[in-house]
Amino acid sequence: MTIRHDVLIVGAGLAGLRTAIGLAEHCDVAVVTKTHPLRSHSVAAQGGINAALGKDDSWERHAFDTVKGSDYLADQDAVEVLTKNAAAAVYECERWGTAFSRNDDGTIAQRPFGGASFPRTCYAADRTGHNLLHTVYEQALRLGVTVYEEWFATSLVVSGGRVTGLVALELSSGDVLGLASRAVVLATGGFGRVYGRSTNALINTGDGCAMALRAGAPLKDMEFVQFHPTTLYGSNILITEGARGEGGVLTNSEGHRFMGEYAPDQMELAPRDIVARAIQTEIDSGRGVDGQYVWLDLRHLGASRIKERLPGIREICMHFGGVDPVDEPIPVQPGQHYSMGGVHCDWTGKTPVKGLYAVGETSCMSVHGANRLGGNSLLETLVFGAVTARTVAKDLASTGEPDVTAVEDAAFRERERLQGLLLRKTGSRPTDIRRELGPVMDRLVGVFRNETGLTEALGRVRGLQGQAQRASLGETDREFNYALVRALELENMLLLAEAITLGALMRRESRGAHWRTDYPQRNDEEFLKHTLVTGAPGALAVQYTDVHLGRFEVKERKY
Ligand SMILES: Cc1cc2nc3c(=O)[nH]c(=O)nc-3n(C[C@H](O)[C@H](O)[C@H](O)COP(=O)(O)OP(=O)(O)OC[C@H]3O[C@@H](n4cnc5c(N)ncnc54)[C@H](O)[C@@H]3O)c2cc1C
């Protein structure tokens with residue numbers, strides 16, 4: 001049986017659902033998601049969403065902060081679209097019912113965030129993503145969008161040079177089914193779980209990026225991985241930048257507030273790459289506590305402010321760290337947080353492969369360049385969800401019917417492949433391989449990188465790819481076979497780990513989140529370029545493409 005829709009969206013986070021809402025009135029749109037929509041990682045976003053609402057603020061200032069924050073690698077045309085449409089995106093959600101925190105006069109409250117020259121981050125306490133995702137999901141339900149819940153998309157189907165549908169595994173039955181469509185939008189989120197220490201949900205394995213690469217779409221700027229400065233020591237759960245926005249300070253084992261030495265003007269509210277490197281330097285220089293972490297101190301804010309503005313953070317600290325931030329400082333260390341890179345596309349959502357679009361964290365348009373500013377990515381999902389919906393709707397007018405036979409053939413081949421995987425008796429367990437991958441990426445492709453480490457990482461990742469090809473699951477059940485899902489995710493993660501490492505190895509400069517100790521300077525002459533990765537596992541190739549410059553001149557980045 002082949003299912004048919006005009007448009008298939010893979011991913012039911014904010015980006016996928018906002019795109020679906022935009023398309024629902026134009027065509028028959030369906031969303032495929034490997035978890036319930038409300039378990040998408042968007043739900044975990046804490047700190048807020050940026051928009052220049054203040055009368056002394058402007059979209060131009062927001063655009064400048066974003067471009068400077070990106071270390072000038074962002075495409076300025078895309079940033080302009082993001083920032084010009086920010087206020088409308090926030091007000092749209094407010095009208096749909098998002099419970100934003102308020103000022104005394106009833107206007108939407110805004111807090112300061114890293115790298116921003118104005119307090120422009122709108123928030124719903126420290127549960128902004130939770131509020132937004134519920135709002136957007138309600139709207140998608142109201143419009144009758146079809147949702148294939150707990151369906152794992154395994155591959156895209158390409159016929160005659162265009163994407164004509166996809167193949168997915170229905171988790172409850174174990175059936176492998178073909179879904180034909182005239183367009184596919186990838187909205188599968190980030191790939192943080194390639195790393196061991198990550199704030200990301202366990203489902204953030206970059207399936208969409210891997211599927212796109214296999215279908216011939218390049219991946220862009222994969223080496224730019226954001227490490228959040230403050231993740232809770234032990235579990236690496238995120239402690240929002242909002243905690244520093246509210247006035248939290250960082251101290252080392254000597255009780256010294258060290259940010260003065262790294263970013264004297266913006267201190268704790270310098271952009272994330274700078275604060276993460278500062279913390280890692282303190283730890284590496286022997287001024288970390290137990291050689292592992294530093295303190296984030298909120299005590300001076302007082303119990304009532306902490307309880308009102310950061311209730312979720314307090315709970316996380318008490319339940320997962322055994323500390324109450326009202327009385328004690330929080331132990332924090334940097335951890336992987338966001339994937340700046342992703343599927344190469346322009347700001348309208350189009351990839352170079354006909355019929356294939358990408359949006360949200362899985363895409364690289366690129367609005368974040370070498371370093372994303374906090375609060376800009378929730379915004380990206382909503383603004384570009386709407387934009388991508390318009391692009392797809394327009395393209396559909398000149399798109400014929402999908403090639404159903406090609407989809408059926410692809411589903412048949414995938415069924416055979418998965419059956420082979422299920423029946424294999426010998427080989428390592430995918431979970432063991434995944435456990436090895438994380439620390440390799442943390443240690444060798446982390447906050448600080450160099451040629452020796454990256455070369456070692458590339459060898460290790462390629463070795464793990466070989467092991468994964470021979471892996472055995474130990475679970476032959478058809479229904480809800482999560483061992484199979486983990487194995488498919490692992491294949492994807494290993495492909496992306498190779499792309500990240502290769503991109504990092506080839507980029508012989510330091511820019512934004514990518515810091516090479518052997519090339520500590522930014523090198524605009526050679527590398528004011530986007531990296532594009534293409535090819536197959538074990539044999540990926542790197543090319544470069546121009547950055548779209550614009551109104552803001554490329555300058556040295558100081559805070
Ligand atoms: C802890 C945390 C806090 C954050 N806080 C903020 C913040 O305060 N402000 C901010 O701007 N940004 C924040 N971010 C970043 C922001 O939340 C994300 O970038 C954004 O929500 C991503 O949305 P998305 O729709 O692109 O992807 P997601 O919300 O990650 O959704 C991905 C979807 O894809 C589906 N999917 C994936 N693979 C498959 C597959 N193979 N088959 C079928 N479905 C699949 C999943 O089921 C899911 O529905 C935070 C991120 C984290 C991790």
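We count ligands from 1, going down the list as the structure has it; atoms in each ligand are counted the same way. For the numbers below, each heavy atom of this structure counts, side chains included, while hydrogens, waters and symmetry mates do not. All values reported here derive from a predicted model rather than from experimental measurement. In this chain, residues are counted from 1 in sequence order.
Residue contacts with ligand 1 for Ala187 involve N, CA, C or O but no side-chain atom from C-beta outward (heavy atoms, distance under 4.0 Å). Under 4.0 angstrom from ligand 1, the non-hydrogen atoms of Leu238 all belong to its side chain. If you look at Asn376 next to ligand 1, the close heavy atoms, those under 4.0 Å, all belong to the backbone. With a 4.0 Å cut-off on non-hydrogen atoms, Glu149 does not touch ligand 1 at all.
Looking at Asp207 next to ligand 1, an N or O pair under 3.5 Å apart turns up. Checked by distance only, ligand 1 and Thr362 stay at 3.5 Å or farther apart across all their nitrogen or oxygen atoms. Polar contact with ligand 1: present for Ser40 (N/O pair, distance under 3.5 Å). Backbone and side-chain nitrogen or oxygen atoms of Phe113 are examined, and none is located within less than 3.5 angstrom of a nitrogen or oxygen of ligand 1. On a distance-only criterion, Gly374 and ligand 1 share no N/O pair closer than 3.5 Å. In terms of N/O distances under 3.5 Å, ligand 1 is approached by Gln46. Close N/O approach between Leu378 and ligand 1 is found [any backbone or side-chain N/O within under 3.5 Å].
A side chain to side chain donor-acceptor pair (under 3.5 Å) with Asn236 is found for one member of Gln336, Gln333, Arg197 and no other, namely Gln333.
Comment: Arg415 does not engage Asp175 in a salt bridge, judged by the lack of any side-chain N to carboxylate O separation of less than 4.0 angstrom. Between Asp28 and Arg4, no side-chain nitrogen of the basic residue sits less than 4.0 Å from a carboxylate oxygen of the acidic one, so the salt-bridge criterion is not met. Salt bridge annotation for Glu489-Arg434: present, with a cationic side-chain nitrogen under 4.0 angstrom from a carboxylate oxygen. Under 4.0 Å is where a charged nitrogen must lie from a carboxylate oxygen, and between Arg102 and Glu94 at least one such pair does.
Between atom 1 (C) of ligand 1 and the options Glu380, His41, His36, the minimum heavy-atom separation is to His41. Comparing heavy-atom distances from atom 4 (C) of ligand 1 across Pro37, Ala45, Ala358 singles out Ala45 as nearest. Summarising the contacts of atom 23 (O) of ligand 1 with Gly13, Gly48, Ser42, Ser155, the nearest heavy atom is found in Ser42. Which of Thr19, Thr33, Val485 comes nearest to atom 46 (C) of ligand 1 through a heavy atom is settled by distance: it is Thr33.
Not one N or O on the side chain of Glu150 forms a donor-acceptor pair closer than 3.5 Å with the backbone of Thr33.
Not a single heavy atom of Arg39 sits less than 4.0 Å from an atom of ligand 1. Residue Val10 places a heavy atom under 4.0 Å from ligand 1. Look at Gly208 and you'll find every heavy atom at least 4.0 Å from all atoms of ligand 1.
The aromatic rings of Tyr233 and Tyr293 lie tilted to each other, with the angle between the two planes from 30° to 60°. Relative ring orientation between Phe480 and Tyr482 is described as parallel, the plane-to-plane angle staying below 30° on a 0-90° scale split at 30° and 60°.
Cation-pi geometry between Lys68 and Tyr559 is met: the NZ or CZ atom falls under 6.0 Å from the ring centre, inside 45° of the normal.
Heavy-atom contacts of Asn200 reach the following atoms of ligand 1: 53 (C) (cutoff under 4.0 Å). Listed by number with element, the atoms of ligand 1 under 4.0 Å from a non-hydrogen atom of Thr35 are 47 (O).
Residues Val90 and Ala51 come closest through the heavy atom pair CG2-CB, 3.8 Å.
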